[in-house]
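Only heavy atoms go into these numbers, but all of them, side chains included; no hydrogens, no water, no symmetry mates. In what follows, every chain begins at residue 1, and chains take the letters A, B, ... in the order their sequences are listed.
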Amino acid sequence: MQAIAAAPAVPALVTPALVTQQNMQAQTAPARPAGPLASGKRDAVGEPVARFFSATQLAALHRLCELLMPPMGGNPGAIEAGVPEFLDFHVGQSPADRQQMYRSGLELLNSRSAAKFGKAFAALDATQADAIIRPLLVLVPWQFELPKEPGARFMAAAHDDIRVATRNSREWTQAAIAAGRRPVGAQLYFFPVDPVYKG
Amino acid sequence: MPKQEFDVLIVGSGHSGGMAAQVLTQKGISCLMLDAGPEVNLATNRVSKNPWELPYRGMNKPGRLPHVVQANEFNANQWVDEKEIPYTHDPASPYNWVRVRMLGGRSLFWGRQSFRMSDWEFKSLDKEGVGDNWPISHADLDPFYSKVEGIFRVSGRKEGKAHFPDGNFLDADYGPDSTTVKKITEIAQGRGYLVSKIRASNGRNGQASSVNLLLPEAMATGKLQIVPNAIVRELTVDKNTGKVNGANFLDRHSKQELHVKARVVVLAAGSLESVRLLMNSGLANSSGMLGRYIIDQLYGVQVVASVPEARGGSAAEGLMGGTALLPRFRNLQKGEKNNFSKGYGMMIASGGAAQPGFFADYGESLQKKLDFHSGACMTASIYGERLPRFENHVRINKLVKDAWGIPVLHAEVKDSANEHNMAKDAADTAEDMLKAAGWDILSKTDKFHPPGYSIHEVGGARMGDDPKKSVLNKWNQSHDVKNLFQVDGGCFVTCGWQNTTLTMMALAMRSAEYLAEQMKTGVI
Ligand SMILES: Cc1cc2nc3c(=O)[nH]c(=O)nc-3n(C[C@H](O)[C@H](O)[C@H](O)COP(=O)(O)OP(=O)(O)OC[C@H]3O[C@@H](n4cnc5c(N)ncnc54)[C@H](O)[C@@H]3O)c2cc1C
């Protein structure tokens, strides 16, 4: 009884001993780092998930990336830079005409490959693929307007996108740093300005 | 509580509004400046980033800013959001309107090339039988050009040529010409073309904007109040006198509408925004010319050649580098016959790179070609003068409103055979000169960007002596409403091949001095 009576009706949530321990922890806790706490980089931790292109379209894009922008001069190629998956995302976010241009361009690669070699573009060796790619490559002296012919249009756009997405990748920067070269491409980013109050 | 009536309301804080504010306040006139955008600290609002740190790997959010070719994912936030403040055009006749809404406007980001216009532009009709004359000549503007050049610290090389007037220049150290620049200079001079150098505003501390060169001086007088985030919807008019007496503006955030009173209104919202404002206010258009004769320059024609001795990284020191500027050289001589009027300037830059699109190739084979020509390229590009035409106009599209409920502009601006023939001549001429130097042409195009792309859009409220044919008089004052001025590029009668901003500022200064005088003597 006595023991029961001695027990507090409501147990103290925090014992005095614990409070002391917590205070001490607070006093000795490491100082907050100077930089941001959340400094992890999206591309460094995550694998992109492709959602836009069909499996056969994505396979064709993969092969196209391999061929148009292979690893060169110590720099990663488009595959190492995750370009097919990036373009799946980027084209997937684009206006309908760009989406259509890409989809039908990749289908064109597959249909011409099937007609000429009896297999998908992704399965072609480099010489076979060259026979499909070359006729679609045209000079683009005026870089602000794509060629009119749909196949050439797709090839010009995809070629440019693949090159830029590769050079703009984290892997490209890392390779430059590893080789003691100054990484290119960094620019001043302009933050959104005092956005309109949306309530 | 009745609010203060200001002497002058200035709408817009860019090069032209800033210049008007500086002159007026220094003459003791109290000014209120309203700008639609916020004040932005460029030092803290920008940070260096790698492209892959941005959501779209530096490749732009697809579909954002379809008309701003200059936009990329790094700078996308500095331009006006086209969804927030749209404008319309026929899809077959694109118009690229490149806008900034921030304190300082486009002066925060301009390229600073600073050329005077000459009497070949101011007296176009007399000299060439093309377009119309301005009611002023270079001699009228000369003292104002000189003062603006002083403030903006323009550097340049004097040439003593009437079609490329010299100015009040700081000495520019262009360094010795490289061998390739010397060679192209000889070839151009051999054809009778003047070869000069870029003239540029140096400004101070790396900036040549309204916010560092004009507005601080105006603020120091104690006569200027600036209200940011204040979108002027329309000017208001005293029914008894027909004069403007202020403006209604909207708070950018809350959209609350307020009225401000002023004895005089000076519009400096950028050529087309000022015209839009006048149209939405139903003012200054007894001539029917408001919104007409929209002009800008023709950019995009490009010819690239490769210098054999510089290929494969083998350029000897002093072979490559630097630029040559050829001020307009076509149609300056009496009796010269071309299949186009007016002319173009040409810039030839030494030491650039080839573009992938110059070769129908890919993979390692393409990369070898790019590496081989890297640093060995000579690139010629042009600044062409478009003709002013009545049909090229903007009007209000009542069916479309911006995020603040203000009707937007519809642009109907097209090129004619003159522009296409000029572009072809420019490409052929550049090719010819580069070939004559013994260099191999890698790429040639006579295509060019749609109107507006040069970001030198002018006209829409052109100046003139005849109130039936012009919106403003020679002092940038409305013919119809005497206490209303527009001091941006709206007043231009021709656009010249020269970048337009130096001329805009000289005109704004001249107009503000006139206005101050008129206010002092009580005429206004
Ligand atoms: C990238 C770039 C490079 C350039 N390079 C050159 C060059 O090398 N040489 C050259 O001569 N020119 C160049 N220009 C063009 C030059 O910047 C413009 O000609 C000049 O800045 C126009 O000045 P402005 O004051 O008339 O208009 P703006 O600078 O456009 O200023 C207008 C101001 O009005 C405000 N405003 C608009 N509507 C309203 C409204 N309804 N109510 C209140 N405020 C309003 C805006 O917020 C803005 O601040 C360049 C421009 C850019 C963007």
Chain B contacts, top residue of [options] (heavy-atom pairs, under 4.5 Å):
| options | value |
| --- | --- |
| A/Arg134, A/Gln143, A/Met155 | A/Arg134 |
| A/Leu136, A/Ile133, A/Val91 | A/Ile133 |
| A/Val140, A/Val184, A/Val138, A/Asn168 | A/Asn168 |

- Query: Side-chain contact, heavy-atom cut-off 4.5 Å: B/Val68 with B/Trp97?
  - Reply: no
Quick check on [X] against chain A: is it the side chain, the backbone, both or neither that has a heavy atom closer than 4.5 Å?
| X | result |
| --- | --- |
| B/Asp371 | neither |
| B/Val47 | both |
| B/Phe359 | backbone |
| B/Asn60 | backbone |

Any side-chain donor-acceptor pair under 3.5 Å between [X] and [Y]?
| X | Y | value |
| --- | --- | --- |
| B/His67 | B/Arg99 | no |
| B/Ser209 | B/Asn212 | yes |
| B/Asp296 | B/Tyr453 | no |
| B/Asn75 | B/Trp79 | yes |

Selection from [options] maximising heavy-atom pairs under 4.5 Å formed with chain A:
| options | value |
| --- | --- |
| B/Ser365, B/Pro38, B/Pro51 | B/Pro51 |
| B/Val303, B/Leu366, B/Leu442, B/Val69 | B/Leu366 |
| B/Arg46, B/Arg57, B/Lys61, B/Gln78 | B/Arg57 |
| B/Asn229, B/Val40, B/Leu54 | B/Leu54 |
| B/Gly363, B/Pro66, B/Ser443 | B/Gly363 |

Using a strict threshold of under 4.0 Å (side-chain N to carboxylate O), is an ion pair present between [Y] and [X]?
| X | Y | answer |
| --- | --- | --- |
| B/Asp440 | B/Arg311 | yes |
| B/Lys255 | B/Asp251 | no |
| B/Lys444 | B/Asp428 | yes |

- Message: Run the side chain to side chain donor-acceptor pair (under 3.5 Å) test on B/Trp52 and A/Thr173 for me, step by step, so that the C-alpha distance in whole Å, both residues' side-chain angles and the decisive distance to 0.1 Å come before the verdict.
- Response: CA-CA 9 Å; B/Trp52 50 270; A/Thr173 305; 2.9 Å; yes
Is chain B contacted by the side chain of [X], its backbone, both, or neither, given a heavy-atom distance below 4.5 Å?
| X | result |
| --- | --- |
| A/Asp160 | neither |
| A/His90 | both |
| A/Gln93 | both |
| A/Arg163 | side chain |

- Note on the structure: Correct closest heavy-atom pair for B/Asn50 and B/Phe74 would be C-CZ, 4.2 Å
- Considering non-hydrogen atoms only, spot the tightest contact between A/Ile132 and A/Pro135 and give its length. O-CD, 3.4 Å
- Contact list (residues 58-77 of chain A to chain B, heavy-atom gap under 4.5 Å, by number) returns A/Leu67, A/Leu68, A/Pro70, A/Met72
- So, for B/Phe109 and A/Phe190, is the gap between ring centers shorter than 6.0 Å? yes
- What distance do B/Glu364 atom CD and B/Gln367 atom CD have between them, rounded to the nearest 0.5 Å? 9.0 Å
- Within 45° cone and under 6.0 Å: A/Arg103 NZ/CZ vs A/Phe52 ring: yes
